[in-house]
J.: 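Quick one: this structure, given as structure tokens, is what I'll be asking you about.
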Amino acid sequence: MVHTDETSFEINVSITGNSRRLIVSPRETTDGAPYYVCLENQHQIAEVRRESNGTWVQLWGNLDDQSVKVIGQAIEDKTP
């Protein structure tokens with residue numbers, strides 16, 4: 001289980017037709033690149049990152065590309 005902290009935030013997304021409430025915890029790689037740990041019911045379901053070309057990719061998890069894109073857009077809407 002991944003712990004959340006004061007930088008975590010909530011997003012509501014539709015994944016494969018189901019409304020889901022996720023807690024997103026921003027993290028950084030050792031070289032300072034941001035990525036996001038996504039939790040549902042305190043269980044990690046994915047890690048996603050925005051590439052330099054603007055596309056969202058999944059670093060860990062089993063979500064389809066459309067779900068990753070939806071999560072990425074929701075993260076963009078909540079972050080500066």
Side-chain angles (χ1 to χ4, degrees):
M1 185 170 82
V2 176
H3 78 282
T4 58
D5 57 31
E6 67 279 352
T7 62
S8 298
F9 56 91
E10 181 180 315
I11 60 173
N12 292 296
V13 293
S14 178
I15 299 175
T16 61
N18 298 311
S19 180
R20 313 269 286 266
R21 179 181 159 270
L22 305 180
I23 302 299
V24 178
S25 295
R27 300 283 188 261
E28 284 187 358
T29 61
T30 54
D31 63 354
Y35 70 98
Y36 301 87
V37 175
C38 302
L39 306 170
E40 183 175 39
N41 298 322
Q42 298 190 354
H43 289 64
Q44 183 171 337
I45 64 164
E47 290 180 4
V48 298
R49 173 180 73 199
R50 186 170 187 249
E51 296 289 306
S52 58
N53 66 3
T55 61
W56 285 87
V57 297
Q58 183 170 215
L59 304 175
W60 181 92
N62 295 322
L63 299 176
D64 61 78
D65 289 343
Q66 181 60 31
S67 297
V68 173
K69 183 177 178 180
V70 167
I71 289 170
Q73 183 60 55
I75 291 171
E76 285 181 28
D77 291 346
K78 288 274 191 163
T79 57

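In this chain, residues are counted from 1 in sequence order. The figures here come from the full heavy-atom set of this structure, side chains too, leaving out hydrogens, waters and symmetry mates. Bear in mind the structure is a predicted one, so any value in this text is a computation, not a measurement.
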J.: Report the C-alpha separation of Val24 and Val48 in whole Å, then their side-chain angles, then the decisive distance to 0.1 Å, and conclude whether the side-chain contact (heavy atoms from CB on, under 4.5 Å) test is met.
T.: CA-CA 10 Å; Val24 178; Val48 298; over 6 Å; no
J.: Would you say Tyr35 ends up clustered with Ile45 if hydrophobic residues are merged whenever their side chains have heavy atoms under 4.5 Å apart, either directly or through other cluster members?
T.: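 Not linked; separate clusters.
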J.: I need the full list of ring pair (Phe, Tyr, Trp, His ring centres under 6.0 Å) pairs touching residues 5-30, with sequence neighbours left out, sorted by first then second residue.
T.: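 Sorted result for residues 5-30: empty, none.
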J.: Going by salt bridge (charged side-chain N to carboxylate O under 4.0 Å, His left out), name the residues that satisfy it together with Glu28, two or more places apart in sequence or in a different chain.
T.: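 Salt bridge (charged side-chain N to carboxylate O under 4.0 Å, His left out) check on Glu28 returns nothing, list empty.
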J.: How far apart are the closest heavy atoms of Ala46 and Leu63, and which atoms are they?
T.: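 Between these two residues, the closest heavy atoms are CB-CD1, 3.7 Å.
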J.: Does anything in residues 60-80 pair up under ring pair (Phe, Tyr, Trp, His ring centres under 6.0 Å), and if so which pairs, sequence neighbours excluded?
T.: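 Pairs touching residues 60-80 that pass the test: none.
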J.: Which salt bridge (charged side-chain N to carboxylate O under 4.0 Å, His left out) pairs, counting each pair once, include a residue from residues 7-18, with sequence neighbours left out?
T.: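 Of all non-adjacent pairs touching residues 7-18, those that pass salt bridge (charged side-chain N to carboxylate O under 4.0 Å, His left out) are Glu10-Arg21.
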J.: Measuring from atom CG of Asn12 to atom CG of Leu22, what distance do you get when rounded to the nearest 0.5 angstrom?
T.: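 So the CG of Asn12 and the CG of Leu22 are separated by 8.0 Å.
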J.: When you measure from the side chain of Asn41 to the backbone of His43, do you find a donor-acceptor pair of N or O atoms at a distance under 3.5 Å?
T.: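 Not at all, since once roles are kept as given, no pair shorter than 3.5 Å links the two residues.
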J.: Under 6.0 Å from the CG atom of Asn18, do we count more than 12 heavy atoms belonging to anything else shown?
T.: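 Result for CG/Asn18: enclosed.
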J.: State, to 0.1 Å, how close Val68 and Val57 come at their nearest heavy-atom pair, and which atoms those are.
T.: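 It is CG1-C, 3.9 Å.
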J.: According to salt bridge (charged side-chain N to carboxylate O under 4.0 Å, His left out), does anything in residues 34-52 pair up with another residue at least two apart or in another chain? List the pairs.
T.: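 Passing the test, one end in residues 34-52: Arg20-Glu40, Arg49-Glu51, Arg50-Glu76.
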J.: For a quick test of reading the model, state the closest non-hydrogen atom pair linking Gln58 to Gly61 and the distance between them.
T.: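 Closest heavy-atom pair between Gln58 and Gly61: OE1-C, 3.2 Å.
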J.: What pairs of residues pass the salt bridge (charged side-chain N to carboxylate O under 4.0 Å, His left out) test when at least one of them lies in residues 60-73, not counting sequence neighbours?
T.: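 Output for this query is empty, none listed.
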J.: May I ask you to test the Ile71-Tyr36 pair for a side-chain heavy-atom distance under 4.5 Å?
T.: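 No, side chains not in contact.
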J.: What are the two closest non-hydrogen atoms of Val70 and Ser14, and how far apart are they?
T.: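 It is CG1-O, 3.8 Å.
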J.: If I take atom CG from residue Leu59 and atom OG1 from residue Thr29, how far apart are they, to the nearest 0.5 angstrom?
T.: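 So the gap between those two atoms works out to 9.5 Å.
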J.: Quick one: pull up SG in Cys38 and CD1 in Ile15 and give me the separation to the nearest 0.5 Å.
T.: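 Going from the SG atom of Cys38 to the CD1 atom of Ile15 covers 8.0 Å.
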